[in-house]
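Presented below is the structure to which this report refers.
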Amino acid sequence: MEERYDFKKVEERWQRAWQEQKTFKVVEDPSKPKYYCLEMFPYPSGRIHMGHVRNYAIGDVISRYKRMRGFNVLHPMGWDSFGLPAENAAIKHGIPPAQWTFENIAYMRDKQLKRLGLSYDWDREVTTCLEEYYRWNQWFFIRMYERGLAYKKLSYVNWCPSCNTVLANEQVEQGLCWRCSSVVTHKELEQWFFKITAYAEELLSYCEKLTGWPERVLTMQRNWIGKSIGVEADFTVQGSAEKLTIFTTRPDTLYGVTFMSIAPEHPMVESLINGTPDADQVRAFCQRVMREDRAERTDEKRKKEGMFTGAYAINPLNNERVPIWVGNFVLMEYGTGAIMSVPAHDQRDFEFARNYGLPIRVVIQNAEKNLDPSTMKEAYVEEGTMVNSGPFDGTPNGAGKEKVADYVEQRNIGRRTVNWRLRDWGISRQRYWGTPIPIIYCEACGAVPVPEKDLPVRLPKDVALTGKGRSPLSESQSFRDTTCPTCGGRAHRETDTMDTFVDSSWYFLRYCSPGESVAPFDKKAAGYWMNIDQYIGGIEHAVLHLLYARFFTKVIRDLGLYDGDEPFLNLLTQGMVIKDGAKMSKSKGNVVDPDFILTKYGADTARLFSLFAAPPERDLEWSDQGVDGAYRFLHRVWAVVYKNIERVKDVKPAGSEARGDTLYRKTHLTIKKVTEDIEREFHFNTAISALMEMVNALYDYTSDGVEEQQLPVLRSAIDMLTLLIAPFAPHLAEELNASLGNKASIAHSSWPTYDPEAIVAAEVTIVVQVNGKVRSRLTMPVGAPDREAEAAALADPKVKEYTLGKLPKKVIVVPGKLVNIVV
RNA sequence: GCCGCUGUGGCGGAAUUGGCAGACGCAAGAGACUUAAAAUCUCUCGACGGGCAACUGUCGUACCGGUUCGAUUCCGGUCAGCGGCACCA
């Protein structure tokens, strides 16, 4: 053992050893309990950032800890390697996307992740842009197509007129293109969709069962799915056979309808205005609203505007005639695209009615009975009693909702229904670097799925990428032109590729059997490893990836491939890495490069700092001095072992005979504390602080020299410290472990257990309070009866001073902790 | 506007079931070692006040109130910050 800790030498040595000995390779072993620990896999952008370091350090501590606890741990890593940046690099630098991607993967894996000493089974590496992976995306697509879960429809998409391409919702930031900041418009295009709405109810109800998820993530998912229960009601159009169907969550206000509003895109607009005097103006109004871009259309400050169509509807409950308006605030995508307007009890309708002089009628009266349309300043949306509502007058409006719904259903003028905010998942992308959608369009047979035997549909390599024009694949004639698998006639392939979120929706199943070649994964292997006991990643995926992956898992279950309902049992959303009060980003210039930290301080320091500075779910403020502190601590550990190693090398560690020794007690207290902190919500920061306390105790213990009879206790302290620090600083721990004469890797050593007898102190400090304020402290033997503590407290001179001879009214004794005297 | 989260020293944070507020680390100050510096080691370190001193008094966990012998912790209200959703009928 060298005097000075040379992290570079030590870390390289052990990284090589782990790789050569395949220390972290795992296979299914039914005799051992399994543990599947997964960190969200990265996009191979070229460089990892501190957020990755933090994410993987957290996952690695958990994996290494569970491994030492005797679990068979699956801890894999891979690459979410399809995506637009590769295409952009190709356009900008003329490098093929595949080359760019694989070079990045090689650098990130070999020069960055492996340097961090992460305990992955690299034999299970999964790379989504490889044929062996994306062919199964195509396979899933076809299975879903057969079941009606993948379908094509004409729909409005986000379109960037400058980049000349479709953008995903997540690529639209405040209505602007993320790449060029152009205003995003709408465009109607034929797109492929996955029918995630078929699982809306289950995705929502299973949120209850995800007890290992942070509440805020579940809330975000619930909001995103957005279930509203209500009623659809049919209003007849006066002088027409057509019916206008509306959706409402407030059937209790049906008698308060004073007008109707429909979306400008509503298919009935034309028939309603046909022949009316203002038809042209209404048409022009609708055109104008529909031309507005996304940002304008959803601006909260936009004025509510509308026009009277000239047509009237009949309220099926009271047969009143109400005017039908077109409103710029009515959304075609939600409900039926038409609403009943009840200005007295809906703020938007209220503003609209005031604006255009439409009547307002109160049908829910408040407790003070003072609601009057002529004096109302805003809509009344609280609880109340139904009035002006025919047979329902006097009914509390909560109960009224159900009664009116019953009534509507009995009279066959409407029905109970549920509306969802969740939309089907549009997966078509007009991009090159993604999974080709396995569909062939035949002039005779229409859309035909590619037969399974013809999979994969390979991504062609000879495509010129310009960033302009249509889908790059449509420019490749050899790709596009093909024959129909059904009739053999002339046909062409679908040239759009899949959203990259498809890739990440099932990769965790692939890790269970990464070499599988006849199915996406082996059912038995997945049965052994799933579900994921701990999933770790950033909060930014709270809705998108985590919702898509839940959806895919349920589809895969229904395909009979996997027996489970949910993929992720426990979810840890780690906080961001912050510097100078802001998230690290190139534009802010506050980025700390992991390579620099690894070179200057080493992996163990980088890991230790990012685990110590904050608990995992909270944001972590980067501190250069904090990194120095972590570095100093590792050197302190090394130095105290180095100073004593020659003397303890051949000493047998102390056992229960050493109970009563201060260091022996501290050692066992530390085992208890570190174990409990890891088990309790992964509070690594306090676990590490306990290790620091133990090291401080070791310095105290050895500062004046060590007697011969103290050596076994010292030896056991050093042994235990090495084991406890192993998940956090694995290189240092391996080196100390080897220096102490152990041959096997510490990664598979058993986690220590503490001796409950050893942590019991002979004496405890009892806090003495007078009226709840601390006035004195007493030292009492452990287990002293309450009345002895009480008597000792009352006899205390300080206590006497504060009680001034008055008799105590009450004395509260908390055994072993506190005596409170109330006077 | 709705939903969620968070407010503790100069800073990051700790206090696990309502029982010693500030563990551990950083920064700062003093000292030891050194020709000197770095490194290392030791000590001090919430605010205000009293004492030569060991020590000691009061206040203090965003703010106001409540429950309790006792509140950073529980309850009600207010404020601030962060995040998500948002014309969803």
Counting only distance, no hydrogens or angles, is the base of [N] paired donor-acceptor with the side chain of [X] under 3.5 Å?
| X | N | answer |
| --- | --- | --- |
| Q625(A) | rG25(B) | no |
| K810(A) | rC69(B) | no |
| N820(A) | rC69(B) | yes |
| K773(A) | rU58(B) | no |

Which part of the nucleic acid does [X] contact within heavy-atom distance under 4.0 Å: base, sugar-phosphate only, or nothing?
| X | result |
| --- | --- |
| R4(A) | nothing |
| P214(A) | nothing |
| V330(A) | base |
| N419(A) | nothing |
| G335(A) | nothing |
| D349(A) | nothing |
| R777(A) | base |

Any strand counts, and the cut-off is 3.5 Å on both contacts for Watson-Crick or G-U wobble. Which nucleotide pairs with [N]?
| N | result |
| --- | --- |
| rC79(B) | rG7(B) |
| rC85(B) | rG1(B) |
| rC59(B) | rG46(B) |
| rC74(B) | rG66(B) |
| rA32(B) | rU40(B) |

Residue [X], side-chain atoms from C-beta onward, closest of [options]:
| X | options | value |
| --- | --- | --- |
| I812(A) | rC88(B), rG12(B), rG19(B) | rG19(B) |
| R618(A) | rU56(B), rC41(B), rA14(B) | rA14(B) |
| S689(A) | rG4(B), rA23(B), rG12(B) | rA23(B) |
| V814(A) | rC88(B), rG19(B), rC3(B) | rG19(B) |
| K304(A) | rC87(B), rG12(B), rC88(B) | rC87(B) |
| R423(A) | rC88(B), rC24(B), rG19(B) | rC88(B) |
| R348(A) | rA89(B), rA14(B), rU58(B) | rA89(B) |
| I339(A) | rG19(B), rU16(B), rA89(B) | rA89(B) |
| L818(A) | rG19(B), rC24(B), rG13(B) | rG19(B) |
| K798(A) | rG57(B), rC41(B), rC20(B) | rG57(B) |

Rounded off to whole Å, could you give me the [atom1]-to-[atom2] distance for the [X] and [N] pair?
| X | N | atom1 | atom2 | answer |
| --- | --- | --- | --- | --- |
| I578(A) | rG13(B) | CD1 | P | 10 Å |
| M220(A) | rC85(B) | CE | P | 6 Å |
| F247(A) | rA89(B) | CZ | P | 7 Å |

If you apply the rule salt bridge (Lys or Arg N to Asp or Glu O under 4.0 Å), what do you find for D6(A) with K8(A), and how did you get there?
CA-CA 6 Å; D6(A) 184 346; K8(A) 198 164 184 290; over 6 Å; no
Indicate yes or no: does R415(A) engage D234(A) in a salt bridge with an N to O separation below 4.0 Å.
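Salt bridge between R415(A) and D234(A), a charged N being under 4.0 Å from a carboxylate O: yes.
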Charged N to carboxylate O under 4.0 angstrom, E201(A) versus K227(A)?
yes
Please lay out, stage by stage, how D796(A) and K798(A) fare under the test salt bridge (Lys or Arg N to Asp or Glu O under 4.0 Å).
CA-CA 6 Å; D796(A) 187 271; K798(A) 297 277 301 186; over 6 Å; no
Distance below 4.0 Å between [X] side-chain N/O and [N] OP1 or OP2:
| X | N | answer |
| --- | --- | --- |
| N696(A) | rG25(B) | yes |
| R222(A) | rC2(B) | no |
| S228(A) | rA89(B) | yes |
| R421(A) | rA89(B) | no |

What is the glycosidic conformation of rG10(B): syn, defined as within 90° of 0, or anti?
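The base of rG10(B) is oriented anti (glycosidic angle more than 90° from 0).
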If you apply the rule salt bridge (Lys or Arg N to Asp or Glu O under 4.0 Å), what do you find for E305(A) with R288(A), and how did you get there?
CA-CA 12 Å; E305(A) 286 184 283; R288(A) 178 166 68 81; 3.7 Å; yes
Return the orientation label for the F259(A) and F352(A) ring planes: parallel under 30°, perpendicular over 60°, tilted otherwise.
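The arrangement is parallel - the two ring planes meet at less than 30°.
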Using heavy atoms to find the nearest nucleotide of RNA chain B for A630(A) and R216(A) separately, return the residue whose nucleotide is more 5′.
R216(A)
Between A614(A) and E693(A), name the one whose nearest nucleotide on RNA chain B is closer to the 5' end.
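The answer here is A614(A).
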Work out how far the P atom of rU61(B) is from that of rG51(B), and round it to whole angstrom.
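Looking at atom P only, rU61(B) and rG51(B) are 28 Å apart.
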With P as the reference atom in both, quote the distance from rG60(B) to rG12(B) in angstrom, rounded to an integer.
22 Å
Does the structure place the NZ or CZ of R421(A) under 6.0 Å from the centre of the six-membered ring of Y334(A), at an angle of no more than 45° from the ring's axis?
no
Before you tell me yes or no, could you show the steps for K643(A) and E3(A) under salt bridge (Lys or Arg N to Asp or Glu O under 4.0 Å), namely the whole-Å CA-CA distance, both residues' side-chain angles and the distance that decides it to 0.1 Å?
CA-CA 8 Å; K643(A) 200 169 74 173; E3(A) 180 172 0; over 6 Å; no
